[in-house]
Amino acid sequence: MKVLVETSARHLHLSQEHLEILFGKGHELTVKKMLSQPGQFACEEKVEVIGSKGSLKMSVLGPVRKDTQIEVSLTDARSLGVAAPIRESGDIAGTGACKLVGPEGEVELTEGVIAAKRHVHMTPEDAEKAGVKDKDIVKLDIESPNGRSLTFGDVVVRVSASYATAAHIDTDEANALAPGKECYGEMTK
Ligand SMILES: [Zn+2]
């Protein structure tokens, strides 16, 4: 099955508690742009993420979540001086520490920094068509128009009726691939 491949740049998700510490009591996220996953959006709000070696300003993605989570590439992690284990979104126990700075306050996090494990969001209908289920590990064969075609292994399948079918890679992975404007991969088991 052919799936759309999208690149996720560094970003963070905030809990309501941390949102209010960083941006002020009762603050609500401001939608800048809706994303391809239903209900998900890029926000106007930006947060400075600080590690032992440097800092990067990152966009917040909404809506708010149960836990604050910072998603970076391994290149970002190195320049920040933070640990970023490769994890699925939401699996943050024991992940990297950092400090967040917003216009109204600061949060010292003991965990929450990850490099997102590459994954394919799938609707139940598409997963059935492709013969895969939630948590399956697949490969993605991707043709690069710029001479960097490659196959990604260890791609985790995530199935939910609330998803649109699309694969997500980070900016390091995208740079390794040098994709064209619109990029599709062939998913194989
Ligand atoms: Zn994703």
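Every number for a ligand or one of its atoms is a count from 1 in the order of the listing.
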Show me, pair by pair, the donor-acceptor contacts under 3.5 angstrom made by side chains of residues 106-113, not counting sequence neighbours?
residue: Glu106; atom: OE1; partner: Lys99; partner atom: NZ; Å: 3.2
residue: Glu111; atom: OE1; partner: Gly94; partner atom: N; Å: 2.9

Task: side-chain contact (heavy atoms from CB on, under 4.5 Å) against Asp91, all qualifying residues, sequence neighbours excluded - done: Arg87

Task: Donor-acceptor side-chain pairing of Gln69 and His13 below 3.5 angstrom - done: no

TODO: Could you grab the protein N, O or S atoms closer than 2.8 Å to the Zn ion (ligand 1) for me?
DONE: His119 NE2, His121 NE2, His168 ND1

Open item on the list: Testing the 3.5 Å rule here: is there a donor-acceptor pair between the side chains of Ser73 and Arg78?
Closed with: no

- [ ] For residues Val159 and Thr123, determine if any side-chain heavy atom of one lies less than 4.5 Å from a side-chain heavy atom of the other.
- [x] no

Task: Pairs meeting criterion salt bridge (charged side-chain N to carboxylate O under 4.0 Å, His left out) with involvement of residues 8-20, two or more places apart - done: Arg10-Asp76, Glu20-Lys25

